[in-house]
Amino acid sequence: MNSPATLPESRLTLPAQAGAKHLPNSVLGMIIFIIAEIMFFAALMSAHTIARSSALGGLWPPPGQPRLPVERTAINTGVLLLSGVLLWLGNRYMSTTPKVGRRYVAGAIVSGITFVSMQGVEWVALLREGLTQTASTYGAFFYLIVGAHALHAVVAIVALTWVYVLMCLGRRLPAMFAATQIFWYFVVIVWPVIYLRVYL
Amino acid sequence: MSTQVPHAEQGIFQKYFWSTDHKIIAMQYLFTGMAMGLIGGYLAYVFRMQLAFPGHSVPGFGIVTPGEYNTVVTMHGSIMIFWVAMPVLIAAFGNFLIPLMIGCDDMAFPRINRLSYQIFLLSAVVLVASFLVKGGAFGGAWTSYPPLSASGAYNLTPLGASLWLVAVALEFVAFLLGGVNFIVTAMNSRAPGMTMYDIPMVVWMIVLASIMFMASVGPLIAGAVMLLFDQTLKTGFYDPARGGDPLLWQHLFWFFGHPEVYVVLLPAIGIVAELLTVFARKKLFGYKTILYTTWATVIISFLVWAHHQFVAGIDPRMANIFSVTTLLVSVPITEMVFLYIATLYGGSIRFHTPMLWAVAFVAEFMIGGVTGIFLGASGTDIYLHDTYFVIAHFHYTFVPIAIFSVFGGLTYWYPKMFGRMLNDTLGKVHFWGTAIPFNLIFIPLFITGAAGDQRRTYNYALFAEQSRPVLQHLRMFATFGLLVMLLFQLVFLFNFFWSLRHGRRAEANPWMANTLEWTVPSPPPHGNFAKLPTVYRGPYEYGVPGRIDDYWPQDVPN
Amino acid sequence: MRAMKFRNRLLVAAAVFPLIPGTAWACPACMVGDPKTAGIYLGSTLVMSALPLFLVGGLAYWLWRRHS
Ligand code: HEM
Ligand SMILES: [Cu+2]
C-alpha cells in the first residue's frame, strides 16, 4: 500500500483515508437502493391518487365494495411502528451490551411477523367479503400496494432473522446489521403513508 | 471452498461463466449486447425492406404480414434501447472501466455483479424466446401504451406482450444491481489521491447515469407490474371502462423514459471526452464546467418527461411548463458540445479510428439536438408528433450514442481488453462505411416525416397523400442506405475477431494516455494492479508546457 | 424608438402567452375531462418530478456534510 504521506495535503480528504467517516459499502449500497424503492412506492401512491380522484361518479370506495378495516389496521400499524422502535433500541444496545441488544432485535422480528400475519388474516377476510383485484380499481390498487409492502416486509424479516441468527452465533456484522436495519426502517416508515392514503 | 482454488486450476466454465471478475463480466455484457445488436439490425432490415418494397418477399424473412411488421418494429426499438445501448454503454464499459480507471481491484460487490449479468442474460433469453410463442413477440410498440398493450384482443400478441414485460422488468432488476455497484465502487474504492476532480469523465458520466437510472426506474417497474396484472389477472388499472386510466401508463413510462435517454447519453459523451483529449493531445476544456453542466442536465432531465405526451391530452398548463423545461435542457447539452469543440481547437489531432468516431459523434449528435428543439416546442410538436421526423430526430441522437461512441470506445480500449491492436485501415473503412450511410438513411426520413409520414405504418401505398412516388423514392433511398450500412458491419466483425488472434500485440499504453487503466499490462491480470496506484493529478494533463513527454500519467509522482 | 416598443410588446406577449393556454392551443384533447383530475395529474406530476431531486440531493448533501 502506498503511504499517503507522499501525497500533497489537498489530496488527503479521500474516502480511502477518511477512516471512520467512510460509509461501509453495504450501507451506502442500501441507501441508494432505498431511493429506488421510494420512487417505486411514490409511483404506486400517485397512481392510486389519480385513480381515486377520477373514480366513476366520484364514489370511493365504489358502491358494493366492502370498506377496509380501518381500526384494526390502525392497531396493526402500531405493532409495526413498535417493531421499528425495538430495532432502533436493539441497535443502541448492540455495541455496549450485545445480549440486551439481541433481545430487542428478536422483539422487533416477532412484532414484524405479527404485523404480516395480521395483514394476511385481513386479506382472507376481505377476499371473503368480495374485495378482489378484478372487481374494481379500488380492490386492485389495495392488493397491489399493500401486497407490494407485505412482500418487502417479508423479505426484510427474513434478512433481519438471518443477521440475528448470525449475530447469536457470535459473528460481528456491524455493516450488514446496519444495512438490514435501514431496509426495515424503510418498510416501517412507508407503511403509515400507505395507511393514510389507502385506508382513510 | 471455491476461493481456495488457485486461478490456474479454474475450469473454463468457472473462468468465463461464473467469474466475479469485473473484466469478465464486462465482456459477457459486451458480447451479449453485440449479439442482441445483430438481431436488432436484422429486424431493421426486415421492416425497411417492407417499407421500400411493400408486399414483396424480404430475402431472409419472407412476406411480412401486418402483424409481423408490428412485432418487428416493436422488438427493434426495445432491443436497441434496452438490450444494446444499456448493456454495452453502461454495463460493459462501466464494468470494464470503473475499477481500472479509479485504481482498485474489483467492484464493491463482485457477487452481486455476477448476479446482475445472470439476470440480464435471463431477460435476453426471455425476450428472444418470445419470438417463438403463439402469436409471436410483442407488437404493441416499444412504448407499450395501453389499451393496445393491455389486451391481447388489440395487440394480437397476448403471450408476447406479457413476456416482453417480464423481460423488461428482469432487465431493470439487473441494472439496478449493477447501478448500486457502480455508484458505491466509484465513491468508496478510489485510489489514494484521487479527488473528485481527478476522476476520468467517463467514470463520472457512468456514475451519474446510474444515479439517474436508480432514481427513475421505480415508477416504470410499478407501471409494468400494473400492466402485467391488466394483461394476466384482468385488472383494470388502465381500462377507463372500469375506472382506470390509460394516460397513467404514459406518465409512469416517460417518467423513466426521458431520463433513460440521458442515461444512455451520458456514458457516450463520457467516452467521447476521453477520446477527444487523448487524440487531440490537449487538456479537456473546462473539466469542472462539464461536470457541473452534467449535474444540471441530470436535474433538468427529471423535469421534462411530459413532453412525450403533448398530443396525448395533458393539462395545457403542464404542456407549457414542459415546453420550457425541454428547451432548457438543450442549454447544458449545447454547452457541452461547445466545450468539446473547444477541446479540439488548437490540438495536435491524430485521426486514428477512435478519434473519427468521436468527432462524428459530436457532429451528428448536434443534428439530433437541434431537431429536438422543434419537437420540444409543443406547438410544432402537434404536427410533427409520431411522424418520421421524430424517428429521424431520435436516431440522430441514438445512433451516435449507441453506435458511434460504442465503436469509438471499442476501438480505443480494444488493446486493453484483448491485448491486441485492431487494424486501423479496416477500422477507417468501417467508419466511413457506417457514418455516410447513416446520414443517407435518416436525412430522407426527416423529409418524409415533415411531409406527413406517420410512423408505425405498414404500407404507405394505402394512403392517398403518402403514396406519391417522390416519397416512395425517399423511402427506398433510406432502405438502400441501411443495406450499405449493414454490409459494412461485416468489416468490423471481421476486424474484431481476426485481430483477437492475429492483431499486433499491444503494449501497456499504446495511445500514450494518462488514465490508470493504461498503467497495467494489456490485458490486465486478475486483480488489475500489481501494486495499487496513487494518484497525483487529473486525467487530462496532455501537452503540458515544459515537459518532454506530451502526456503525464496520473500515477507518476512528477 | 418604435422598434423598441415593438420588441417590448413582443416580450410581454411571449410572457403572457403561457398563461392563457386554453384558448391559445387548438388541441382537441386537452380541455375535455374532469378539471379536478387534471389538477391532481398536475400535482402528482410536480411531486414525482421533485421527489428524485430531493432524494438524491439530500443524500449528496448529507454525504458532503459528513465529509467536511
Ligand atoms: C436537446 C435535446 C432534446 C430535445 C429538446 C428532445 C425533444 C424530444 C421530444 C419533444 C420528443 C417527443 C416527440 C414526439 O413524440 O412528438 C422526443 C422524442 C424522442 N427523443 Fe428526444 N429530445 C432531445 C434529446 C434526445 C436524446 C439525447 C435522445 C436519446 C438519447 C432522445 C431520444 C428520443 C426518443 C427515443 C424519442 C421518441 C420516443 C418515442 O418512441 O415516441 N432525445 N424528443
Ligand atoms: Cu424526452
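Just so it is clear, the values below take in all heavy atoms, side chains as well, and ignore hydrogens, waters and symmetry mates. Predicted model only: the values in this text are computed from it and were never measured. Sequence lines set the chain letters: A, B, ... in the order given, protein chains first and strands last, and positions in each chain run from 1.
- A:M39 and C:M48 get closest at one heavy-atom pair: CE-O, 4.1 Å.
- Contacts of A:I32 with chain C are made by side-chain atoms alone, with heavy-atom separations under 4.5 Å and no backbone atom involved.
- Using a 4.5 Å cut-off between heavy atoms, A:I50 touches chain C through backbone and side chain atoms alike.
- When the candidates C:P52, C:S44, C:G43 are compared by the number of heavy-atom contacts under 4.5 Å with chain A, C:P52 comes out ahead.
- Rounded to the nearest 0.5 angstrom, C:L59 CG and A:I35 CD1 are separated by 5.0 Å.
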From CA spacing to verdict: side chain to side chain contact (heavy atoms under 4.5 Å, CB included), A:I34, C:L55: CA-CA 10 Å; A:I34 294 293; C:L55 291 174; over 6 Å; no
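- Using a 4.5 Å heavy-atom cutoff, the side chains of C:W62 and A:L23 are in contact.
- Between A:S46 and C:V47, every side-chain heavy-atom pair lies at or beyond the 4.5 Å cut-off.
- Contact annotation for A:A47: neither backbone nor side-chain heavy atoms come within less than 4.5 Å of a heavy atom of chain C.
- Remark: A:Y185 OH is packed, more than 12 non-hydrogen atoms of other residues, nucleotides or ligands lying under 6.0 Å away.
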